[in-house]
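Here's the structure, in structure tokens; my notes come after.
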Amino acid sequence: MPRIVLAMSGGVDSSVAAHLLCEQGHEVIGVFMRHGEASAVACASEAEASSDVGRIGNPSYVSSSLLPVVSTRLDHKQGCCSAADADDARRIADRLEIPFYALDFQQEFGRIMDYFVEEYTAARTPNPCVMCNNWLKFGKLFDFADSVGAEYVATGHYARIAPAGRPGLKDESSNSCELTARSCVAASLSPELFRGVDTGKDQSYVLFGIARRYLSRMLLPVGGYRKEEIRASAANMGLRVADKRDSQEICFVTSGDHADFVRRRRGDEDTSGEIVTTDGTVVGRHEGLEGYTIGQRKGLGVAFGEPRYVVRLEAGTRRVVVGRRDELARFTFTANRANWLIEEPEAPFACEVQIRYNSSAAPGTVTPLEDGRFEVRLDEPRYGVAPGQAAVCYVGDRVLGGGWIE
């Protein structure tokens with residue numbers, strides 16, 4: 001059976017994914033990705049962490065990039081890279097008797113933090129989870145997989161990899177609703193990315209930016225299950241993470257205050273300015289563009305007789321423009337930096353387009369443009385189309401690709 005590197009966050013999804021892969025007979029190497037913002041608590045000693053790695057894992061897999069995990073955060077944030085999460089992941093690996101390592105990606109993750117700050121400063125709304133998948137989980141982690149001779153990289157994302165035109169077929173050998181990338185290769189069919197079976201937990205949106213060449217080396221073991229099934233499996237196995245809460249916040253913003261994080265990391269640059277209505281009337285002031293996003297209704301700091309929404313952010317004037325909900329409506333927009341998981345389209349095509357992680361996809365037409373751009377024309381208006389967010393194209397459950405809203 002192939003060797004697989006599995007990203008283990010210490011949560012229920014990646015823990016059950018580890019169990020499923022081991023149950024199928026794979027040789028699994030668990031990896032915890034240390035990449036969050038450090039808290040005020042000091043790191044565990046290198047000697048202590050190294051002894052844990054040596055106890056659980058096979059030393060032949062150790063590389064120079066392995067570093068100790070951080071100790072418990074003071075804020076006790078429910079994220080994916082605290083010391084408590086690392087401990088949970090290590091316990092699961094120990095129970096399954098698989099090697100487990102903590103890789104220090106903190107330096108590389110600085111690139112994602114910089115992106116986060118730069119986007120908010122430029123009056124755009126970033127999506128660091130997509131960037132983390134593109135650059136780290138399905139970027140740097142593949143480099144590590146190559147260094148240890150692993151054929152595949154697996155995660156606990158709720159999405160599916162399946163052969164062309166055949167999503168969700170039953171793989172009787174693994175009792176899984178997902179055909180693995182290995183099945184795709186064996187069937188001589190190009191692997192494709194699909195939504196997870198649990199539409200309420202589907203994470204295919206944040207995977208659109210993965211290089212197409214990696215699809216044949218990706219495994220998503222929980223994508224064919226519903227969340228309640230995963231939790232039930234964890235409970236049946238007696239895993240302590242069975243009832244662990246899902247991570248809701250951005251892992252490196254330990255306080256949960258995005259605007260404060262941006263201001264602290266950015267330094268002295270000032271993005272404060274006026275709050276104006278769409279007709280240009282000044283109705284107040286704001287402390288910084290980083291505190292707002294298109295479609296926002298609450299926390300505007302100005303009282304109106306009826307609901308008002310952020311309809312535009314202006315980096316040049318540093319103005320937050322507010323208006324009625326109908327002024328949010330958009331039928332057309334463009335996106336750049338397209339990444340296609342199909343043959344790159346050359347002509348307009350019909351599909352459904354999703355503009356936010358937690359929104360539904362809307363039917364429309366996508367027209368390819370030059371320089372990796374495309375135009376979206378929706379059949380019905382969408383509200384809250386925010387520059388900096390991803391526009392992901394689907395046909396049914398299949399992810400075609402996407403780009404970044406301009």
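From a predicted model like this one, the values you see are computed outputs, not experimental measurements. Values reported hereafter were calculated over all heavy atoms of this structure, with side chains retained and with hydrogens, waters and symmetry mates removed.
- Paired with Glu290 under the rule salt bridge (Lys or Arg N to Asp or Glu O under 4.0 Å), one option of Arg266, Arg265, Arg264, Arg318 passes, and it is Arg266.
- Under the 6.0 Å distance and 45° angle rule, Arg325 counts as a cation-pi partner of Tyr383.
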| task | For Asp13 and Arg231, run salt bridge (charged side-chain N to carboxylate O under 4.0 Å, His left out): C-alpha distance rounded to whole Å, both residues' side-chain angles, the deciding distance at 0.1 Å, then the answer. | result | CA-CA 8 Å; Asp13 301 323; Arg231 289 200 181 278; over 6 Å; no
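- The side-chain tip of Arg217 does not point at the ring of Tyr214 from less than 6.0 angstrom away and within 45° of straight on.
- Using modelled atom types, no side-chain atom of Tyr357 and backbone atom of Ala390 make a donor-acceptor pair closer than 3.5 Å.
- Side-chain N or O atoms of Glu119 include none that pairs as donor or acceptor with a backbone N or O of Phe116 at under 3.5 Å.
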| task | Could you give me the CA-CA distance, side-chain angles and deciding distance for Trp340 and Phe208, then say whether ring pair (Phe, Tyr, Trp, His ring centres under 6.0 Å) is met? | result | CA-CA 8 Å; Trp340 297 108; Phe208 90 90; 9.2 Å; no
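- Relative orientation of the Phe261 and Phe252 rings is tilted, given thresholds of 30° and 60° on the angle between their planes.
- Salt-bridge check for Arg195 with Asp202: passed, with a basic side-chain N closer than 4.0 Å to an acidic carboxylate O.
- Using bins of under 30°, 30° to 60° and over 60° for the plane-to-plane angle, the ring pair Phe142/Phe138 lands in the tilted bin.
- At a threshold of 4.0 Å, the pair Arg90-Asp87 counts as salt-bridged, since one of the basic side-chain nitrogens sits closer than that to a carboxylate oxygen.
- Tyr205 and Ser359 share no donor-acceptor pair across their side chains, judged by distance under 3.5 Å alone.
- Neither side chain, Arg324 nor Thr277, offers a donor N or O lying under 3.5 Å from an acceptor on the other.
- His286 places a side-chain N or O within 3.5 Å of a backbone atom of Gly273 that can act as its donor or acceptor partner.
- Here Arg91 pairs with Asp88 in a salt bridge; the nearest charged N to carboxylate O distance falls below 4.0 Å.
- Glu352 places a side-chain N or O within 3.5 Å of a backbone atom of Gly396 that can act as its donor or acceptor partner.
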| request: Would you check, one step at a time, whether the test salt bridge (charged side-chain N to carboxylate O under 4.0 Å, His left out) holds for Lys227 with Asp198? | output: CA-CA 7 Å; Lys227 184 73 176 193; Asp198 190 336; over 6 Å; no
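- The shortest heavy-atom contact between Met33 and Leu141 is SD-CD2, 4.1 Å.
- A donor-acceptor pair under 3.5 Å is formed between the side chain of Asn133 and the backbone N or O of Val206.
- Between Arg319 and Glu314 there is a salt bridge, since a side-chain N of the basic residue sits under 4.0 Å from a carboxylate O of the acidic one.
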| Check against side-chain contact (heavy atoms from CB on, under 4.5 Å), Val399 and Leu207 | CA-CA 9 Å; Val399 182; Leu207 299 178; over 6 Å; no
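- Thr278 and Glu327 share a donor-acceptor pair across their side chains, judged by distance under 3.5 Å alone.
- With no hydrogens or angles considered, no side-chain donor-acceptor pair links Thr125 and Gln389 at under 3.5 Å.
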| task | Take Glu375 and Arg377 through the salt bridge (charged side-chain N to carboxylate O under 4.0 Å, His left out) test and state the conclusion after the steps. | result | CA-CA 7 Å; Glu375 178 188 61; Arg377 290 186 173 273; 3.3 Å; yes
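- Between the side chain of Asp371 and the backbone N or O of Arg373 there is no donor-acceptor pair closer than 3.5 Å.
- Taking 4.0 Å as the cut-off between side-chain N and carboxylate O, Arg263 and Glu269 do not count as a salt-bridged pair.
- Closest heavy-atom contact between Ala93 and Phe100: CB-CB, 3.6 Å.
- Ion pairing between a basic and an acidic side chain is recognised when a charged N comes within 4.0 Å of a carboxylate O; Glu306 and Arg308 show such pairing.
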